[in-house]
Amino acid sequence: MRRERLGFGFALAVLSLWCTMEVAVEAAWSLQTPVKLVWHYYKVHNTCDYAEAYIRHQVESFYKYDKTIAPKLLRLLYADCFVDGCDASVLLDGPNSEKTAPQNRGLAGFAFIDKIKTVLEARCPGVVSCADILNLATRDAVHLSGAPSYPVYTGRRDGMTSTKDSVDLPSPSISWEASLAYFRSRGLDVLDMTTLLGAHSMGRTHCSFIVDRLYNFNDTGKPDPSMKASLLAEMRKLCPPKTKKGQPDPLVFLNPASESKYSFTNSYYSKVLTNEAVLGVDQQLLYNEDTKQITEEFAAGFEDFRRSFALSMSRMGNINVLTGKEGEIRKNCRFPNKK
């Protein structure tokens with residue numbers, strides 16, 4: 001795999017991750033510049049030496065009882081970072097906050113982040129940002145589910161505003177062209193996109209996000225012809241057509257191969273190759289030469305996927321971060337500090 005060198009020290013930590021990759025895709029293999037974050041920020045600055053250990057302990061304790069926390073935090077982090085950057089604005093409460101946007105229906109994990117924040121405020125008051133907590137907790141949760149424990153650079157500060165109008169997360173039925181344009185607008189590339197979509201190897205989605213594929217693909221009145229017949233029949237049993245207002249909107253597994261195990265695997269890519277992707281944007285990976293090539297590589301090699309996931313998650317966590325005197329360190333992740 002060929003990634004453009006950016007000359008930051010992070011590359012040294014991940015260089016060995018790429019030596020076995022074979023996909024010839026032009027992509028970056030370091031954090032986006034300028035990089036304003038620091039590895040082990042709270043230890044380097046002697047402000048909360050054991051912040052990461054406190055977070056990890058809370059995640060491990062919670063994960064024993066609820067393995068769904070891994071996909072929940074992954075989606076929460078995505079919803080935060082792709083909207084105005086990784087500033088924990090998605091955690092803010094309010095009648096018109098990001099939480100209330102239609103695209104964020106079903107977001108979860110807020111109470112868990114609150115719990116971690118309470119622990120850290122008791123030990124290191126006013127020091128650790130909600131944005132860093134979300135990034136670190138997500139890393140630790142997905143690691144417990146089978147993902148690599150990738151480096152998370154820290155020193156983020158928290159945003160002070162959150163509006164549903166700022167949420168421009170795309171539909172899960174968009175084309176690969178539209179999806180790639182969206183990722184590129186966030187400083188990510190085709191490898192990042194194909195890798196991060198692999199997070200759909202676990203978790204669930206509402207039927208309302210796929211009902212168009214099942215009954216009225218592109219306003220044709222017919223199902224998506226790319227969906228395997230057996231998957232179509234299975235999904236139609238779980239997701240009846242919407243015929244009235246207030247109709248229940250059930251949850252279905254994004255990856256039936258994983259289901260309730262909530263395991264981080266590369267089976268997602270195998271499902272894409274056999275036309276068994278639940279979301280339309282996932283199935284679209286077959287329609288571009290680069291994304292198809294990456295999909296085939298990841299389906300054949302779990303370690304290749306894990307290595308790419310490690311870097312792409314770090315790159316996503318670097319989107320438009322607030323540092324220095326920007327933003328604030330919230331005392332409560334749900335509310336801006338009182339002036």
Side-chain angles (χ1 to χ4, degrees), residues 35-59 61-62 69 72-101 103-104 107-141 152-169 186 313-314 316-339:
V35 177
K36 301 188 290 183
L37 301 175
V38 178
W39 202 349
H40 300 309
Y41 174 87
Y42 300 102
K43 183 174 289 187
V44 169
H45 291 273
N46 295 316
T47 52
C48 192
D49 288 2
Y50 299 102
E52 296 188 25
Y54 294 147
I55 294 171
R56 188 177 305 112
H57 175 72
Q58 291 299 314
V59 172
S61 298
F62 203 91
I69 195 63
K72 287 175 181 175
L73 289 180
L74 272 172
R75 185 185 173 199
L76 192 57
L77 182 62
Y78 161 75
D80 184 48
C81 291
F82 273 76
V83 177
D84 295 332
C86 304
D87 64 351
S89 57
V90 74
L91 303 180
L92 289 169
D93 282 346
N96 294 298
S97 68
E98 292 172 29
K99 292 179 180 179
T100 66
Q103 301 97 313
N104 284 334
L107 276 185
F110 300 105
F112 177 56
I113 297 298
D114 291 341
K115 169 64 176 174
I116 297 176
K117 181 62 172 174
T118 299
V119 169
L120 286 168
E121 284 298 303
R123 289 163 171 75
C124 310
V127 171
V128 183
S129 70
C130 300
D132 276 344
I133 290 172
L134 179 55
N135 273 267
L136 289 163
T138 301
R139 185 271 309 277
D140 294 339
V152 172
Y153 281 70
T154 44
R156 298 171 186 81
R157 289 172 65 86
D158 300 321
M160 301 165 68
T161 60
S162 178
T163 63
K164 66 178 180 182
D165 290 339
S166 67
V167 178
D168 62 349
L169 300 173
R186 269 55 178 178
M313 285 295 291
S314 293
M316 182 176 76
N318 192 49
I319 297 175
N320 295 335
V321 296
L322 302 177
T323 59
K325 295 183 179 180
E326 300 170 312
E328 64 182 9
I329 304 297
R330 277 183 231 143
K331 296 177 181 178
N332 183 325
C333 291
R334 292 179 181 263
F335 305 100
N337 296 337
K338 294 181 179 179
K339 300 300 183 182

Can you list, pair by pair, the side-chain donor-acceptor contacts under 3.5 Å of residues 110-120, counting residues two or more places apart and other chains?
{"unit_1": "D114", "atom_1": "OD2", "unit_2": "R334", "atom_2": "NE", "d": "2.6"}
{"unit_1": "D114", "atom_1": "OD2", "unit_2": "R334", "atom_2": "NH2", "d": "2.9"}
{"unit_1": "K117", "atom_1": "NZ", "unit_2": "E121", "atom_2": "OE2", "d": "3.0"}
{"unit_1": "K117", "atom_1": "NZ", "unit_2": "V128", "atom_2": "O", "d": "2.7"}
{"unit_1": "K117", "atom_1": "NZ", "unit_2": "R330", "atom_2": "O", "d": "2.7"}
{"unit_1": "T118", "atom_1": "OG1", "unit_2": "D114", "atom_2": "O", "d": "3.0"}

Worksheet item: Sub-3.5 Å donor-acceptor pair from the side chain of N135 to the main-chain atoms of A131, do we have one?
Response: yes

List the atom pairs, with distances to 0.1 Å, where a side-chain N or O of residues 43-56 and a protein N or O form a donor-acceptor pair under 3.5 Å, not counting sequence neighbours.
{"unit_1": "T47", "atom_1": "OG1", "unit_2": "Y42", "atom_2": "O", "d": "3.4"}
{"unit_1": "E52", "atom_1": "OE2", "unit_2": "H40", "atom_2": "ND1", "d": "3.3"}

Practice prompt. Starting at CG of L76, measure out to CG of L134 and round the result to the nearest 0.5 Å.
Written response: 5.0 Å

Worksheet item: Which residue pairs satisfy the ring-ring contact (aromatic ring centres under 6.0 Å, His included) criterion with at least one member in residues 78-101, sequence neighbours excluded?
Response: Y78-F82, F82-Y182, F82-F183

Discussion item. Just so I know, are the side chains of M160 and E328 near enough to count as touching, which here means a heavy-atom distance under 4.5 Å?
Written reply: yes

Worksheet, complete the sentence: Looking only at heavy atoms, the pair that brings N104 and A79 closest together is OD1-CB, 3.6 Å

Discussion item. Return the CD1 to SG distance between I319 and C86, rounded to the nearest 0.5 Å.
Written reply: 5.5 Å

Worksheet, complete the sentence: The reported gap from OG1 in T100 to CG in D93 (rounded to nearest 0.5 angstrom) is 10.5 Å

Practice prompt. Report the distance from atom CG of N332 to atom SG of C130, rounding to the nearest 0.5 Å.
Written response: 7.5 Å

Fill in: Minimum-distance pair of heavy atoms, taken over all atoms of V90 and L107
CG2-CD1, 3.8 Å

Fill in: L169 CG to R75 CZ distance, which is reported to the nearest 0.5 Å
8.5 Å

Discussion item. Whether the D87 and S89 side chains hold a donor-acceptor pair (N or O, under 3.5 Å, no angle test) is what I'd like checked.
Written reply: yes

Worksheet entry | Side-chain donor/acceptor of T323 to backbone N/O of G155, under 3.5 Å | no

Discussion item. Main chain of L37, side chain of R156: is a donor-acceptor contact present, judged purely on distance under 3.5 Å?
Written reply: no

Fill in: Side-chain (T154) to main-chain (D132) donor-acceptor, under 3.5 angstrom
no

Item to complete: Could you please spell out the steps behind the side-chain contact (heavy atoms from CB on, under 4.5 Å) verdict for L322 and D158?
Response: CA-CA 7 Å; L322 302 177; D158 300 321; over 6 Å; no

Worksheet item: Heavy-atom distance under 4.5 Å between the side chains of V83 and Q103, does that happen here?
Response: no

Practice prompt. Report the distance from atom CZ of R157 to atom NZ of K325, rounding to the nearest 0.5 Å.
Written response: 10.0 Å

Worksheet item: Distance-only, no hydrogens or angles: does the D80 side chain make a donor-acceptor pair with backbone N or O of A88 under 3.5 Å?
Response: yes

Worksheet item: Does the K331 side chain pair with the main chain of G126, one donor and one acceptor, at a distance under 3.5 Å?
Response: no

Item to complete: Considering non-hydrogen atoms only, spot the tightest contact between D84 and E98 and give its length.
Response: OD2-OE2, 4.4 Å

Discussion item. Looking at every non-hydrogen atom in both residues, tell me the closest pair between L73 and A141 and how far apart they are.
Written reply: CD1-CB, 4.0 Å

